[in-house]
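Each remark here refers to the structure printed beneath this line.
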Amino acid sequence: MSEKQLDKNFDFKAAEARLYEAWESAGAFKPAGEGEPYTIVIPPPNVTGSLHMGHALNNTLQDILCRFERMRGKSVLWQPGTDHAGIATQMVVERQMMEHQEPRRTEIGREAFVEKVWKWRHESGGTIINQLKRLGASCDWSRERFTMGEDGSADDQMVKAVMKVFVDLYNEGLIYRDKRLVNWDPKFETAISDLEVENREVDGHMWHFKYPLAGGATYEYVEKDEDGNVTLRETRDYISIATTRPETMLGDGAVAVHPSDERYAPIVGKLCEIPVGPKEHRRLIPIITDDYPDPDFGSGAVKITGAHDFNDYQVAKRGDIPMYRLMDMKGAMRDDGAPYAEEAAKAKALVEKGGTPDTSYVDGINLVPDEYRGLDRFEARKRVIADIDAEGLMIEVEDKKIMQPFGDRSGVVIEPMITDQWYVDAKTLAKPAIEAVETGKTKFVPENWTKTYYQWMNNIEPWCVSRQLWWGHRIPAWYGLGVDEDGQYDDGKPNRFLTNRRLETFCAESFKDAKRQAKDRYAKFGAGFVIADKEVGSAQAALDNAVLDGEDDGKNHVFLWRDPDVLDTWFSSGLWPFSTLGWPDETPELKKHYPTSVLVTAFDIIFFWVARMMMLGLYTQKKAPFPEVYIHGLVVDENGQKMSKSKGNGVDPLELIDQFGADALRFTLAAQAAQGRNVRISEPRVEGYRNFSTKLWNAARFAEMNECKPDPTFDPKKATLTLNKWIVHEANQCAAEVTREIEAYRFNDAASANYKFIWNVFCDWYLELAKPVFMGDDEAAKKETRAAAAWALDRILQLLHPFMPFVTEEIWGSFAEREALMVSQWPSFDVALKNEDAATEMNWVIDLISGVRSVRQEMNVPVAAKIPLILVGGTKEDAEKLKRHDDVLKRLARLSEISTADAAPKGAVQVVHAGAVAALPVADFIDIAAEKARLVKEKDKTEKEVAGIDKKLANKNFVDKAPKEVVEAQHTRRANFVEQLEKLDAALARLADL
RNA sequence: GGGCGCAUAGCUCAGGGGUAGAGCGCUACCUUGACAUGGUAGAGGUCCGUGGUUCGAAACCACGUGCGCCCA
């Protein structure tokens, strides 16, 4: 036999790694058997990440489901992998380069940098995977995937999937390039999506400035109260404007007031002056009406800077107001273009011309006065304020809480900018995704998240998917120079912000395809176009090369260059449920495991990830990626604060694993994962569940010491001892409960069902009750009880395994040479194992012992003293029960002998128990007054119960309307209480005799 | 402004139309042969407030109060 004597404690440190290795090398994590497929794709952690509590919770729950379903015979695939995490990874590697004092990213160039990131990924990108293993995650690691593919090889499935989806969406018009206002991150110098912007309330200011009316015009400014009484009347030569961002005044295109605002009616349509910049070139802008300004907010008049504010952008679009860009990629004031005087003249001419302004042309105009050029935007703000103030045009400064947008990764203030970006038509893709939830094809658990999902999906904006980064899936689009009407290249200079509009775009999965497209496209412009085989790096290179080659043969040489941008990380994560399974190929895995069975995730990425998987899954596979989405809470610290790096309140799951074992951490997380609640982690709690695993360990040790071994000849249906019938019954009930609760994603209830059964039933009672059997000499009883104990322990190990895989597997293996616990068959509920009679009888025994113990303590009977028990007024069955459980009662209630009698002896403490009285003659210890007080107290309590029931029963409405069973139950309860009262009265009477 | 959630024992939280629960903490006793990472017994609750529905509400509904989160 391989069994070894168990040590006093479970040495989780040594066992965890050994057991994990054994499972993995046995291939136990791979989908096996012919069972129904069960599939979960892991929410891929960032490759830069290390395991935090949120991962620990998320993966514990997934592992519970996977281990559970695997034991239930399903063919389980838990698909693991990591996310390339565009910005985060680029940031990490850049920081590392800086620490090593290596040349910067821009110095070494794109290719070398990307190579460095790959190197980093191979060397350091596996941290979190190893940490997941320590948690016990039973992922099929042989199928591990990375959202970027391996080494970016174009042949890689992940890359193919991304390219195909992009090109397909493009060809259907669902991906397009557009000039819109985006959230620009001046630190990373990239656009980011709305979701990556964090709006925070910060202390700010609201500046009120005078915008003088053109030509010194004046008007009568009248303010009225609610009743129409005039409260202010004065002549003004200005309009008062309030702003939180004075530096953007330089780009104002208009001042807007609400159409119903009578105060400004006299000056609508007139011009006013932006009170900043060189006096002789002050720009004049029109006062217009729009529904956007709120007459009750500030002065009611709003400056419109279409290029740097999302609300203003809408107003500007509606009113054909030019949007002047003021800043560069780093968020500094522009210093390109001609001197201010010239640029301002351009703007003036533009306004005079009227009509819809040309966005590219307007973008080329730099309206930053010469003295502000090149300044950081916040420095420029100070200067603008000071200059206006010096001129006496500042009315007031208010301290004010303002909402400010920050980049969630960079932490810097986001600058709205008009740029060219790629957008996904999310509105169109959202339709089937909404429908899938409406029709119940995909359900949220708990279901209240459905509303959150709808709200987001119904108001979804175009998804900006291009990022100006180097690390990521490069956008599969190539450009060629545009061709003028005269067949010549457009010589407009493309720039970062606004690509020349006459560029030709070829969206293709490869350069080869792009070339093919280019050949057809350019043929339309004339016969003299030759498509070069060489890809170039930029528009400028394309032009230079074309000119050079053209000199030789007089032909138009077309050089293509690829879009330098990469895709939003979430674009590739959105394909995860099928890209990991081999799509776009029709693999057997895809066929078997898509759609997946359930998605387990936290609510903070419903929008980022769940919504996108729904959209892209339905788009590519025509089926929703999962029928259920289980949303768990966040892990918060002991004060209920969200754990975060910046707050420094994170608890490291690995430290807890080191200290208390992975099982303890897992159980803690599961036990607290109540639906709709955050999980609060605290060390004492983890410690408590470590104690629980020790408890189980010692129960197993006890079983081992008493030679309880799995006995194949033991049939739980045929147990003869009440004790064993009862534990079979209880284990069966526990199996039913744990199964039901896991199925319903009520992990906390499943955990607590296990906890209660193991500790409060099996350890506290069954093992205690079994001790007299093990110590007695009834060999048959001993044999059966050993087998029953082993059987029950096996059920326990199985039911607990998904929660505490390590300790359970270790115990399982120590009892017999057999197949691993993790691949054993789940104990399902078996109606044939039910035995209510046995349960009733054992509860009778347990209650009697508890009752005796209770009075012993109250009467201060010394623990060591063994006292006799006389049951008074019991039935014949009671007498038989006493006899059957004689050993147990004596041992656990510390009794010397047990007998029955018609009347209680004098000087006895009396315990009312199930219609009888257990008399304990403890004359030596008894304190008559105390005993009397105890009985009176109990009597009072019982009388109150009876009174409550009587009140209910006296209520005609209750008797008539309540369900019959409920009324009957009350009658039964009353009868029991009354019987108890009689016994108590008798006991008190006997006490009086003393 | 819109949405979601929470309020139950000292603390952290389950639960849920008829009988108030757990863990930790606290008190007393116990090193009894699996376990002191343990055992036994106990104290501790106007289930936030006000109305409503109901025979019956701590639970369901409405409103209020306080707190938290998400979106704008």
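What's counted below: heavy atoms across the whole structure, side chains too, no hydrogens, waters or symmetry copies.
- Comparing the same atom, C1', in B:G10 and in B:G17 gives a spacing of 30 Å after rounding to whole Å.
- Of the N and O atoms on the side chains of A:N976 and A:R973, not one donor lies less than 3.5 Å from an acceptor on the other residue.
- A straight line from CG of A:N678 to P of B:C70 spans 11 Å, rounded to a whole angstrom.
- For the residue pair A:R180 and A:Y313, the shortest heavy atom distance occurs at CA-OH, 3.5 Å.
- Evaluation of atom-type donor-acceptor distances gives no pair under 3.5 Å for the side chain of A:R680 against the base of B:U12.
- Within the 4.0 angstrom heavy-atom criterion, no nucleotide atom of any strand lies near A:E198.
- Side-chain proximity of A:K771 to B:A34, B:U37, B:U19: nearest is B:A34.
- Residues A:N724 and A:Y766 bring a donor and an acceptor atom of their side chains to less than 3.5 Å of each other.
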Do nucleotides 2-10 of chain B as a string where each nucleotide becomes B, S or -: B if the base has a protein heavy atom under 4.0 Å, S if just the sugar-phosphate does, - if no protein is that close. -SSSSS---
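- Taking the six-membered ring wherever Trp is involved, the centroid distance between the rings of A:Y630 and A:F747 falls below 6.0 Å.
- Note on A:K756: nothing from the nucleic acid sits closer than 4.0 angstrom, heavy atoms only.
- The two residues A:L57 and A:L669 come nearest to each other via the heavy atoms N-CD1, 3.7 Å.
- Nearest-nucleotide mapping onto RNA chain B: of A:K937 and A:Y689, the residue sitting toward the 5' end is A:Y689.
- When the C1' atom of B:G39 is taken as reference, atom CG of A:N698 falls 13 Å away, rounded to whole Å.
- Atom CD of A:E447 has 12 or fewer neighbouring heavy atoms from other residues, nucleotides or ligands inside a 6.0 Å radius.
- A:W765 has no side-chain polar atom (N or O) that falls below the 4.0 Å cut-off from OP1 or OP2 of B:U40.
- The partner of B:G1, taking Watson-Crick or G-U wobble pairs whose two distances both stay under 3.5 Å, is B:C71.
- Between the NZ atom of A:K956 and the P atom of B:C55 there is a distance of 13 Å, given to the nearest Å.
- Applying the Watson-Crick and G-U wobble criteria (two distances, each under 3.5 Å), B:G64 pairs with B:C48.
- A:Q672 places its CD atom 13 Å from the P atom of B:C24, with the value rounded to the nearest Å.
- Counting non-hydrogen atoms under 4.0 angstrom, A:Q970 reaches the backbone sugars and phosphates but no base.
- Across all strands shown, B:U37 remains unpaired; no Watson-Crick or G-U wobble contact has both distances below 3.5 Å.
- Of the residues in residues 846-857 of chain A, those lying under 4.0 Å from RNA chain B by heavy-atom distance are A:R853, A:S854, A:Q857.
- Taking the six-membered ring for Trp and the full ring otherwise, A:F12 and A:F806 have centroids separated by 6.0 Å or more.
- Spacing of C1' atoms, B:A43 relative to B:A9, comes out at 11 Å, to the nearest Å.
- Across B:A34 and B:U27, the matching P atoms stand 29 Å from one another, rounded to whole Å.
- In this structure, B:U32 forms no base pair with any nucleotide, since neither Watson-Crick nor G-U wobble geometry is met with both distances under 3.5 Å.
- A:N955 comes within 4.0 angstrom of the backbone, heavy atoms only, and of no base.
- As rounded to the nearest Å, B:G49 and B:A7 have C1' atoms that lie 11 Å from one another.
- Nucleotides B:G2 and B:C63 have their P atoms positioned 13 Å apart, rounded to a whole Å.
- Taking A:E196 as the reference, A:R467 meet the salt bridge (Lys or Arg N to Asp or Glu O under 4.0 Å) condition, with sequence neighbours excluded.
- Remark: A:R409 CZ is loosely packed, at most 12 non-hydrogen atoms of other residues, nucleotides or ligands lying under 6.0 Å away.
- Taking the P atom of each, B:A62 and B:G3 are spaced 13 Å apart, rounded to whole Å.
- Rounded to an integer number of Å, the gap from A:N459 CG to B:C71 P is 13 Å.
- If you take atom P in B:G16 and the same atom in B:G21, they sit 14 Å apart, rounded to whole Å.
- Here the shortest heavy-atom pairing between A:L181 and A:H308 reads CD1-N, 4.4 Å.
- Between A:A700 and A:L793, the shortest heavy-atom contact is CA-CD2, 3.9 Å.
- Whole-Å rounding puts the A:D604 CG to B:C70 P distance at 9 Å.
- A:N706 comes within contact range of no nucleotide atom at all, as no heavy-atom separation falls under 4.0 Å.
- With B:G23, B:A34, B:C55 as the candidates, the nucleotide lying closest to the side chain of A:K961 is B:C55.
- The partner of B:C13, taking Watson-Crick or G-U wobble pairs whose two distances both stay under 3.5 Å, is B:G21.
- Rounded to an integer number of Å, the gap from A:E768 CD to B:G38 C1' is 11 Å.
- In the displayed structure, A:K932 atom NZ is contacted under 6.0 Å by at most 12 heavy atoms of other residues, nucleotides or ligands.
- Going from atom CZ of A:R891 over to atom C1' of B:U32 covers 7 Å, rounded to whole Å.
- Contact annotation: A:K890 does not reach the phosphate of B:U32 (side-chain N/O to OP1 or OP2, under 4.0 Å).
- Rounded to the nearest Å, the gap between the P atom of B:C13 and that of B:C69 is 14 Å.
- In the set B:G39, B:C70, B:C29, B:G39 carries the atom at the smallest distance from any side-chain atom of A:K695.
- A salt bridge links A:R245 with A:E415: the closest approach of a Lys/Arg side-chain nitrogen to an acidic carboxylate oxygen falls below 4.0 angstrom.
- Along RNA chain B, the nucleotide closest to A:N691 and the one closest to A:N957 are compared, and the more 5′ of them pairs with A:N691.
- For A:R690, no side-chain nitrogen or oxygen approaches OP1 or OP2 of B:U37 to under 4.0 Å.
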